[in-house]
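Each remark here refers to the structure printed beneath this line.
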Protein chains: 2
Amino acid sequence: MLSFTEENYLKSIYHLSNGGSKAVLTNELAESMNTKAASVTDMIKKLSAKSLISYEKYYGVKITKQGKAEALTIIRKHRLWETFLVSKLGFNWDEVHDVAEQLEHIQSALLIEKLDEFLGYPTADPHGHSIPDKHGKIKAVRHILLTDLLLKKKSTVQSVKQGSPSFLQYLNKIGIYIGVGIMVLERVEFDGSLEIQLDGKKKVFISRDAASNLMVTE
Amino acid sequence: MLSFTEENYLKSIYHLSNGGSKAVLTNELAESMNTKAASVTDMIKKLSAKSLISYEKYYGVKITKQGKAEALTIIRKHRLWETFLVSKLGFNWDEVHDVAEQLEHIQSALLIEKLDEFLGYPTADPHGHSIPDKHGKIKAVRHILLTDLLLKKKSTVQSVKQGSPSFLQYLNKIGIYIGVGIMVLERVEFDGSLEIQLDGKKKVFISRDAASNLMVTE
DNA sequence: ATAAATATTTAGACGAGTCTAAAAAAATAT
DNA sequence: ATATTTTTTTAGACTCGTCTAAATATTTAT
């Protein structure tokens with residue numbers, strides 16, 4: 001059985017490698033885990049010995065099939081708990097991350113299956129991220145960055161790429177939520193910010209940075 | 001902030017001391033924590049340094065007011081989670097303990113308040129144990145051991161003292177659950193077993209051991 | 001192609017929580 | 001009241017995950 005820490009490393013490796021499609025460097029991992037490179041090297045050896053990642057000195061790590069399965073289980077748990085917190089307990093979408101980081105480590109397959117059923121087998125969490133099913137399958141979603149959306153094309157907000165509380169609160173304030181209709185009216189040459197129109201004719205400007213954190217339907 | 005381990009020790013001390021009304025010996029604690037006396041001595045020093053218990057060498061430990069408050073918070077969390085698992089997720093009452101042992105350590109006061117609200121502020125968990133409120137107040141319940149119930153007196157099953165899965169499964173099988181009406185028809189002199197009558201006229205025999213694990217209304 | 005800068009690994013140490021074995025204190029029995 | 005048994009504590013060691021400092025490998029710049 002994996003420790004809390006091993007699970008966190010694995011999840012991080014999965015995310016940093018874009019689901020296993022590239023190698024992850026020691027320093028990247030150290031940064032994302034808020035730890036030191038030396039500690040990462042140690043943990044890499046452990047995970048490697050368990051065949052959850054493959055490791056080549058001075059090159060980086062790649063997640064194995066087995067490691068990917070573990071990572072997806074943790075991600076599934078995280079996203080189911082986030083969904084529970086928002087849809088059942090009434091949390092806001094910017095309040096759930098830290099609690100879900102804890103809940104994702106609870107060990108009970110039965111619990112997760114029952115929770116999934118209780119929630120009605122949701123396919124996406126409150127931030128619009130797909131929830132892997134019990135076999136680790138993720139529903140592929142077609143989406144593009146808001147920055148790449150054609151002018152005047154009607155679209156829908158599908159997910160946030162990075163969901164820090166302050167960003168989510170900002171989205172709340174300007175009326176952006178998962179599922180809202182959206183259209184880009186104009187692209188400002190100067191700073192790349194966008195004038196957008198939301199459901200109900202609401203027009204707002206958002207920065208290029210914010211727009212590049214939003215995924216919308218094609 | 002307390003570690004997972006410190007919380008478990010504190011909870012154990014609370015229970016073994018009957019809510020703080022007597023000192024707990026090192027060996028008792030070692031037994032209940034499934035560890036060795038030497039390890040207990042070490043942890044005792046830690047908790048003592050944090051003023052959660054008071055400790056006299058070769059005598060035992062007593063929980064302090066502060067320690068009691070911590071213990072009650074953990075017990076509150078445990079029982080709320082058990083209630084959630086049974087009433088919302090459809091677990092059986094014999095399946096919830098181990099998962100709740102994990103969930104009770106999740107750190108989020110907001111989570112517990114929201115969970116409490118979601119469950120409708122329950123006052124007892126699936127085993128009939130009182131759930132402390134957010135201030136640590138426990139509803140006092142009048143109850144006696146089934147072994148002490150007068151013959152032919154109508155009563156109601158209120159809680160199980162010790163709730164191992166196998167005991168709970170046995171209760172299921174013979175039709176005993178929290179809230180069922182119960183009456184002692186006869187006490188067998190030989191082995192102390194009881195012939196009881198449940199709601200719906202069902203008559204069964206239960207051993208003295210089983211009966212001394214059941215609490216009923218006076 | 002060599003020097004400088006950057007990234008990674010090794011070596012050795014630490015704190016938390018645990019253990020075993022031995023010492024010390026307390027309780028019990030004769 | 002002394003010897004024996006039981007309980008508790010101390011001493012020292014081990015694992016896990018972490019750290020700093022130093023060594024080594026790789027990359028980048030000139």
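Residue numbers begin at 1 in each chain, while the letters A, B, ... track the order of the sequences.
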Next item on the list: Using only side-chain N and O atoms of A:Tyr9, determine if any of them is under 4.0 Å from OP1 or OP2 of D:dC16.
Entry: no
Note to self: Does anything in residues 97-106 of chain A come within less than 4.0 Å of DNA chain C? Heavy atoms only, and list the residues if so.
What the structure shows: none
Notebook entry, point to check: Expressed in angstrom and rounded to an integer, what is the separation of B:Ile44 atom CD1 from C:dT18 atom P?
Noted result: 12 Å
Check: Are A:Lys11 and A:Glu101 close enough for a salt bridge, meaning some N to O gap below 4.0 Å?
Finding: yes
Margin query: Can you measure B:Phe4 atom CZ to D:dC16 atom C1' for me and round it to whole angstrom units?
Written below: 16 Å
Next item on the list: To the nearest Å, give me how far apart CG (A:Leu25) and P (D:dT27) are.
Entry: 10 Å
Margin query: Under 4.0 Å, counting only non-hydrogen atoms across every strand here, what does A:Thr41 touch: a base, just sugar-phosphate, or nothing?
Written below: base
Notebook entry, point to check: Considering only heavy atoms from C-beta outward, does the side chain of B:Ser212 approach that of B:Leu146 to under 4.5 Å?
Noted result: no
Next item on the list: Look at the side chain of B:Ala38 and decide which nucleotide, out of C:dT18, D:dA11, D:dC16, has an atom nearest to it.
Entry: D:dA11
Checklist line | Side-chain H-bond candidate by donor/acceptor type, A:Glu56 with A:Ser54, under 3.5 Å | finding: no
Next item on the list: State, without any angle test, whether A:His105 and A:Asn8 hold a side-chain donor-acceptor pair at a distance under 3.5 Å.
Entry: yes
Notebook entry, point to check: Taking only side-chain nitrogens and oxygens of A:Thr35, does any of them come within less than 4.0 Å of OP1 or OP2 of D:dT18?
Noted result: no
Margin query: Nearest 0.5 angstrom please: B:Thr41 OG1 to B:Tyr55 OH, how far?
Written below: 5.5 Å
Checklist line | Rounded interatomic separation in angstrom, taking CE from A:Met33 and P from D:dC19 | finding: 10 Å
Notebook entry, point to check: So, is A:Lys36 close to the D:dT20 phosphate, meaning a side-chain N or O under 4.0 Å from OP1 or OP2?
Noted result: yes
Next item on the list: Kindly indicate whether the side chain of B:Ile13, heavy atoms from C-beta on, has any atom under 4.5 Å from the side chain of B:Leu52.
Entry: no
Next item on the list: Give the rounded distance in Å between these two atoms: CG of A:Leu2 and P of D:dC16.
Entry: 13 Å
Item checked: A:Asn27 side chain near C:dT6 phosphate (N/O to OP1/OP2, under 4.0 Å) -> no
Note to self: Any heavy-atom pair between the side chains of B:Met215 and B:Leu145 that's under 4.5 Å?
What the structure shows: yes
Note to self: Just so I know, are the side chains of B:Phe167 and B:Val160 near enough to count as touching, which here means a heavy-atom distance under 4.5 Å?
What the structure shows: yes
Next item on the list: Would you classify B:Ser39 as touching base, sugar-phosphate or nothing, given that sugar-phosphate means primed atoms plus P, OP1 and OP2, and contacts are heavy atoms under 4.0 Å?
Entry: base
Next item on the list: For A:Asp42 and D:dT15, give me the distance from atom CG to atom P, rounded to whole Å.
Entry: 15 Å
Notebook entry, point to check: In residues 47-59 of chain A, which residues come under 4.0 Å of DNA chain D by heavy atom?
Noted result: A:Tyr58
Notebook entry, point to check: Can you tell me if NZ on A:Lys62 sees more than 12 non-hydrogen neighbours from other groups inside 6.0 Å?
Noted result: no
Item checked: Rounded interatomic separation in angstrom, taking CD from A:Glu6 and P from D:dT18 -> 10 Å
Next item on the list: Give the rounded distance in Å between these two atoms: CE of A:Met1 and P of D:dC16.
Entry: 13 Å
Check: Can you name the nearest heavy-atom pair linking A:Leu168 to A:Gly163, along with the distance?
Finding: CD1-O, 3.3 Å
